[in-house]
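So that the names make sense, note that chain A is the first sequence line, chain B the second, and so on, each numbered from 1. The structure displayed is predicted, hence computed values, not measured ones.
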2 protein chains.
Amino acid sequence: MTEPKNPEAAASTGPVSRKGLGGKSSATIYDVARVAGVNPSTVSRALSKPGRVSAKTQKLIEHAAAELNYHVNPFARALPTGRTSTLGLIVADITNPTFFGVIRGAEATVTARDYTLMLAESSESPATELTAARRMMTTVDGLILASPRMDDDNIRALARGKPVVVINREVDGVPCVVPDANTGIAEAIRSLAANGHRRIAYVAGPPESWMSRRRWEGVQTACEWSRLEAVRLESSRPTVSGGREVARGVLASGATAVLTYNDLLAIGLMQELQAAAVVVPDRISIVGFDDIFGADFTTPPLTTVRSPMAECGTEAASLLLDALQGIEHPAAILRVETELVLRGSSGRLLPSG
Amino acid sequence: MTEPKNPEAAASTGPVSRKGLGGKSSATIYDVARVAGVNPSTVSRALSKPGRVSAKTQKLIEHAAAELNYHVNPFARALPTGRTSTLGLIVADITNPTFFGVIRGAEATVTARDYTLMLAESSESPATELTAARRMMTTVDGLILASPRMDDDNIRALARGKPVVVINREVDGVPCVVPDANTGIAEAIRSLAANGHRRIAYVAGPPESWMSRRRWEGVQTACEWSRLEAVRLESSRPTVSGGREVARGVLASGATAVLTYNDLLAIGLMQELQAAAVVVPDRISIVGFDDIFGADFTTPPLTTVRSPMAECGTEAASLLLDALQGIEHPAAILRVETELVLRGSSGRLLPSG
DNA sequence: CAAATTTTGGCAACCGGTTGACAAGCGAGC
DNA sequence: GCTCGCTTGTCAACCGGTTGCCAAAATTTG
């Protein structure tokens, strides 16, 4: 017969933290309960279920908690509930300044609402990304995927487990925050057309990038509208060096104005063209995307279609936090505005020769 | 008399996860134990204490775990042990590209060793920083402080709780990773001296910045050695706009070459000087610090003393991870090399008039 | 004033691992 | 064959909260 070894112990107040040894470990609800003269479960309720206990007891407990400098142990809470007060953010590439804004926006929002941000990167690899996402899923309450590279299906599968918000891409059935490229692109093309350009090149990003395809579509549409020719060029990498490599192709294309998938490509392209004594913007106008940090360091400073990435980060985090509180936003897709930032790298085409 | 309600239950195998409902929750050691036909605690030992169980049982358990796609629940593990497989990183300012390298290096290292990185920023405020650090301390196994703004004492207090590594500052009794500014500064001053400069200005960063003071000392020392004059100017903020604001003061100082606390100041300074038709480097040479992302976007590209921040992030993370495994590194301070990156913003002083 | 109803607090069983203590199993040595 | 010592697995008590259920207390109602 199995007998409890020590009935008194079972009936006692429960574990008591050993405050003796240098205050190492912090106070627990059991300590608070003892000081306040109530049951631990009452403490738990007072601290997490507002209105569940009487105002008097509430005050008593809060006082005791303050006195002991009590803070909940996030792990102890996470174990039975699954709630971790942590949000995950996976970016395609930490080196890429496009994501700095996202990280910053998300971090600020999350911290302001007493959550913590976990960061991971996928090195632009769908497989790494999926692994990172799965790993994170066990630890976070929700996940932000910035410019994810994995399939729609994988994203939806993740979203079935816990709330997921996608930035910079539209996935059916998953809340998304996307800069609406079209407005900015239309402005850019209109500006180029007004400056005498007739043939526009678009330098594409990675083939997996949903946003790159989207921008190309936007460029095509806007060009049709303005009766301009649009040609598409591929890049090896969406980086400065990728931009340098594509310079030759740009010249060969006969275009007098170029939009690039992102600012890094634009900067690399501009550097290489200038090295070949091609004057920007007199002979070729260059327009980037994103308005990343440093886009205005160049000479001439880069004209670019600004995507408010920090805002995307903020919005994505808010969406997630709201969802966790049961506030469902009806709109599956949140579009944030883009706009043309007109600087020196685009302008009137000088007659050649 | 307190009687156990259900003796059989107490003697049973223990909790069993409900795999019925859509495979929601993942397998536990209890599931693995059942499949392998052993006790849960044996599973726990097999998976975390190598050599504690026989090779035969080990294989049996590993097989069962693989079959069930078992993964430990980090919270369940963290609760009794305190180990979380998570490292914290606090940077002074996420916007500041100096830290991009740190974040990147730390993230990569931590992930490679199966840890996760938690990120927070202090907005350059000692109080916010301390709050963030305290908050993190409850959740992480160790903490990296990049360019901390709080007192030495507070840092030491944190370090008494859990392993802490500091980047970009030296704190007695706490392991630190610091770029050794002197080598790079010496190179820079030598180069400037060789180019005919005699009066050098240093634009300082925030007064709380240990590294700013250190760099100023380095500049002074190197100038004495080369028999140059060194003057110090203050900046309002260590940013591009802070750099613009200090331009007037730089001109007034009569210096023909300027080192700035960081690259952002240098870039802002250069923009403002150029706007005032002061040719760089013909009339004034500019040298930054850090070689941040975008330092080579400017025209002329920025000469700068490179601090390998990604390496700092990597080293700090490694130090921390080693410490957690009981591998103590004897050296309290790890110095990483700095070097002059000579670009176009510094050079020979043209005779004025 | 008693009965019905609503609050409020306590009990105890979890969540999923870890670990000290201990006993069974096993081979070696005498 | 028996004792000793070492390896290996089991038991049960945690870690620190959360929560369903129930009863006591307080409040409303008839």
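The CD-C1' distance, from B/Gln58 to D/dT8, rounds to 12 Å in whole Å. In this structure, A/Ile29 atom CD1 and C/dG9 atom P are separated by 15 Å, rounded to whole Å. One atom, CZ of B/Arg77, and another, P of C/dC15, lie 19 Å apart when rounded to the nearest Å. For B/Leu60 and D/dT8, the CG to P distance is 15 Å, given to the nearest whole Å. Regarding A/Ile61, its CD1 atom lies at a distance of 13 Å from the P atom of D/dG17, rounded to whole Å. Across the protein-nucleic acid pair, B/Leu79 atom CG and D/dC14 atom C1' stand 9 Å apart, rounded to whole Å. Nucleotide C/dT7 holds its P atom 17 Å from the NZ atom of A/Lys56, rounded to whole Å. B/Leu68 has its CG atom 12 Å from the P atom of C/dG17, to the nearest Å.
Side-chain N or O atoms of A/Thr57 include none that pairs as donor or acceptor with a backbone N or O of A/Val53 at under 3.5 Å. In terms of modelled atom types and a separation under 3.5 Å, the side chain of B/Arg169 and the main chain of B/Pro148 share a donor-acceptor contact. In this structure, A/Gln58 contributes its side chain and A/Ala46 its backbone to a donor-acceptor pair below 3.5 Å. Under the 3.5 Å distance criterion, the side-chain polar atoms of A/Thr86 are matched with a main-chain donor or acceptor of A/Thr84. A donor-acceptor pair under 3.5 Å is absent between the side-chain atoms of A/Lys162 and the main chain of A/Leu143, judged by distance alone.
Comparing A/Ala76 and B/Gly37 against DNA chain D, the residue whose closest nucleotide sits nearer the 5' end is B/Gly37. Mapping A/Ala55 and B/Asn73 onto DNA chain C via the closest heavy atom, the residue that lands nearer the 5' end is A/Ala55.
The side chain of A/Thr42 places an N or O atom within less than 4.0 Å of a non-bridging phosphate oxygen (OP1 or OP2) of C/dG10. For B/Lys49, a side-chain nitrogen or oxygen approaches OP1 or OP2 of C/dT19 to under 4.0 Å. The phosphate of C/dG9 (OP1 or OP2) has a side-chain N or O of A/Ser54 nearer than 4.0 angstrom. Note on B/Tyr30: every side-chain N or O is 4.0 Å or more away from OP1 and OP2 of C/dT18. For the pair B/Asn39 and D/dC11, the criterion of a side-chain N or O lying under 4.0 Å from OP1 or OP2 is met.
Across all strands, B/Ser41 comes closer than 4.0 Å to base atoms (heavy-atom distances). Contact annotation for B/Ser44: base contact, defined as any heavy-atom pair under 4.0 Å involving a base atom.
Donor-acceptor pairing under 3.5 Å, judged by distance alone, is absent between the side chain of B/Arg45 and the base of C/dG17. For a distance-only test at 3.5 Å, the side chain of A/Arg52 fails to qualify as a donor-acceptor partner of the base of D/dT19.
In the set D/dT18, D/dG16, D/dT8, the nucleotide with an atom closest to the side chain of B/Thr57 is D/dT8.
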